[in-house]
Amino acid sequence: MLRRASPWLLLVLLVFAGCSRCGDKQGGVKTSSPAHFLPRNAQLSLVVPDTGVLGEKLARLQNLKLANFAAQLQNAQSAEALVSSIMRQVGVDLRNRQAMEAAGIEPSRGVGVALLGGQQAFSVLGMKDEKLLTETFARLARDRLGASERAEQKVPGGTLLTFSRPTASAPSLGLLLTDGYALVGPGEVVPRLSGFATLPLEQSLAGEPLLADSLKRLPTERDFYAFLPGGVGFLVPAGTTQAVTLTGSLGDRAISVRLDTPWPGAQDTLAAFTPQKGAELLGYLPEDSFLVLRYQGDATRLNDFWPYLTGSFVARAVQDSGFDVKGELLDRLEPGSVAGVSLSPTVQLGAGLPSLDPRRTNPFRYVQLVAVGDGKDAAGLASLLEKLPPVAKRFGADIQPTDVNGQRVYLTTYARGEGAHLASVGDKLVVAAPRARLESMLPRLAAAPGAPPVAEDLRGALQAPALGAVLDLRKLAEAVKALPSEAWGIGGFAIKATTVRFLDATDDLRAVTLAVSGKDKALQAELTLWLAARP
């Protein structure tokens, strides 16, 4: 009796099927990318230029300790064994170029996948041998979908093969062969494959000018790219941008995803993401900061964004208070503000991970915060702090001015305990929590900055972009391992042992970095997972 195919297996089958069709003819011109067969108005389109290259890179990732750890949780001996088992079920080893060629696929012609909406999708795949490819899909349709009945007909654009269950009135899978390429789709998409095979250039992804412009702005080294037209609500609110383009690259030391979107607002507001020369403040952050952020754009330009970033509740409360965010805060700051997050030495992890909602959990029971900004004048910063107590009351918080060793500070409390405390030291503004961390920062800000808390091999991520962030996974792991036994609660030795085992399994991961900047009337972001150097 045939087993019903699992959803993930059907997805793999569809993507595998969609690896095709990179060399069809449209208007007498031979295509060179699956993008020619993907409609430009699809909700999301994905293109892999060379599936062989990507497969080989993905095969290397299965050797990571984290991959093996995850596989063992699935009762597999290793990640390689688990993935090999999946490939056997799929019927073709997508990690191996020779295996794909033996199945009739031409990896160098790439893969294309389009999500059409209404849970409909289809794929495009390069074809090396039409007979082998047809036999491969006939076997997959029979073994995985129970579709043993095969039919063939000529349609505009090529030859359409359908695979159906014996008692079904509609096909389960369709395969359209056209001049060295194949379009593959499930039953409900089969009637549309001919239309996709004959798409005019201007209606295809290959003729999308927004995608072309984005790819020109982004690095040419990429293993895949994706396109999301504006107004569909993916990644950004619907209608706020014309389109989003994503590219990804996999290397021996890093996995990167880059984003490019045409700037939707007035071009002068893009200056908020244009890097400027700012003060070097990283050396003021505590050495144990495992997460470090730096902003070196024009803070005054953030006036259009802060209500969106803080949320409607905060924005409304601030506006009702009459506090002038631009004039009192943003206009007073120079580029170069920094922030660092450290693990609290008194953290309690015995009860598991906390709620991320600060209205329910005080975040400073788990982490410590320091943020430092460079002000344009000391008097302006002092005036700013004096105006904050009445604003805080609208959030249910209380800010009380007091003196610490002759230094004026502003201590914050709210329903869950300590909040973020504030002070100005000369022309430096500091926000810190808990109180002990603020007090330790006061003499530090009066002196010259020390060495940055960011490892030298990661500092580049903070130098060039307008907004940069570094999450040092190695430093975080060491901080967790160094926690005292009381941090794990009663009987916490078992929790600690499990946590340490997980951290040891992730020591292949070095850090995560984020960079956001404006470029040529567009906003760009780059998220990178850095891998540890192999011995």
Side-chain angles (χ1 to χ4, degrees), residues 278-289 291-296 299-300 302 306 310 314 318 321 323-342 344-346 358 362-414 416-450 452-453:
E280 293 295 335
L281 304 176
L282 287 172
Y284 287 115
L285 297 179
E287 296 176 0
D288 59 356
S289 301
L291 173 61
V292 174
L293 300 94
R294 185 186 192 199
Y295 175 69
Q296 50 185 351
T300 62
L302 291 175
W306 74 263
T310 60
V314 174
V318 172
S321 72
F323 182 76
D324 182 4
V325 173
K326 182 178 184 299
E328 297 291 348
L329 175 60
L330 301 179
D331 285 349
R332 299 186 188 280
L333 295 176
E334 297 281 9
S337 297
V338 296
V341 177
S342 312
S344 172
T346 60
N362 190 323
F364 304 124
R365 292 171 52 195
Y366 298 88
V367 296
Q368 298 185 342
L369 168 70
V370 170
V372 180
D374 193 34
K376 295 179 179 178
D377 66 277
L381 294 180
S383 173
L384 162 66
L385 295 181
E386 290 176 359
K387 295 177 180 179
L388 291 182
V391 178
K393 292 186 181 299
R394 292 183 173 271
F395 302 97
D398 183 54
I399 296 180
Q400 291 293 336
T402 188
D403 288 338
V404 174
N405 298 326
Q407 170 68 50
R408 191 71 162 175
V409 300
Y410 294 78
L411 304 180
T412 305
T413 58
Y414 77 118
R416 296 299 174 186
E418 281 191 79
H421 312 301
L422 307 101
S424 61
V425 181
D427 59 356
K428 302 291 188 299
L429 175 67
V430 58
V431 180
R435 178 173 176 171
R437 181 122 288 192
L438 175 70
E439 293 179 354
S440 70
M441 287 297 300
L442 299 179
R444 191 182 185 110
L445 290 173

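A quick note: this is a predicted structure, and the numbers were derived from the prediction, not measured.
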Considering only heavy atoms from C-beta outward, does the side chain of [X] approach that of [Y] to under 4.5 Å?
X: K428; Y: D374; answer: yes
X: F323; Y: L384; answer: yes
X: V391; Y: I399; answer: no
X: W306; Y: L329; answer: no

> CZ of R365: more than 12 outside heavy atoms within 6.0 angstrom?
Replying inline: no
>> Does atom CG (D403) have a neighbourhood of more than 12 heavy atoms from anything else shown, all under 6.0 Å?
In response: yes
> Which residue pairs satisfy the side chain to side chain donor-acceptor pair (under 3.5 Å) criterion with at least one member in residues 377-387, sequence neighbours excluded?
Replying inline: E328-K387
Shortest non-hydrogen contact from [X] toward [Y]:
X: P286; Y: P453; answer: O-CB, 3.2 Å
X: A378; Y: G426; answer: CB-O, 3.2 Å
X: P401; Y: Y410; answer: CB-CE2, 3.6 Å
X: A433; Y: G419; answer: CB-O, 3.5 Å
X: G375; Y: L381; answer: CA-CD1, 3.9 Å

> Could you walk me through whether Q368 and V370 pass the side-chain contact (heavy atoms from CB on, under 4.5 Å) check?
Replying inline: CA-CA 7 Å; Q368 298 185 342; V370 170; over 6 Å; no
Nearest 0.5 angstrom please: [X] [atom1] to [Y] [atom2], how far?
X: L293; Y: L282; atom1: CG; atom2: CG; result: 10.0 Å
X: Y295; Y: L302; atom1: OH; atom2: CG; result: 3.5 Å
X: R332; Y: T300; atom1: CZ; atom2: OG1; result: 13.5 Å

> Should E418 and T412 be marked as a side-chain contact (heavy atoms from CB on, under 4.5 Å) after you check the CA-CA gap, both sets of side-chain angles, and the distance that decides it?
Replying inline: CA-CA 6 Å; E418 281 191 79; T412 305; over 6 Å; no
>> side-chain contact (heavy atoms from CB on, under 4.5 Å) for Q407 and V409? Distances and angles first, verdict last.
In response: CA-CA 6 Å; Q407 170 68 50; V409 300; 4.1 Å; yes
Please report, to 0.1 Å, the donor-acceptor pairs under 3.5 Å made by any side chain of residues 438-447, with sequence neighbours excluded.
| from | atom 1 | to | atom 2 | distance (Å) |
| --- | --- | --- | --- | --- |
| E439 | OE2 | R435 | NE | 2.7 |
| E439 | OE2 | R435 | NH2 | 3.4 |
| S440 | OG | R437 | O | 2.7 |
| R444 | NE | Y284 | O | 2.8 |
| R444 | NH2 | L285 | O | 2.9 |

> Any donor-acceptor pair under 3.5 Å linking the side chain of N362 with the backbone of R416?
Replying inline: yes
> So K393 and D398, side-chain contact (heavy atoms from CB on, under 4.5 Å) or not? Walk me through it.
Replying inline: CA-CA 6 Å; K393 292 186 181 299; D398 183 54; 3.4 Å; yes
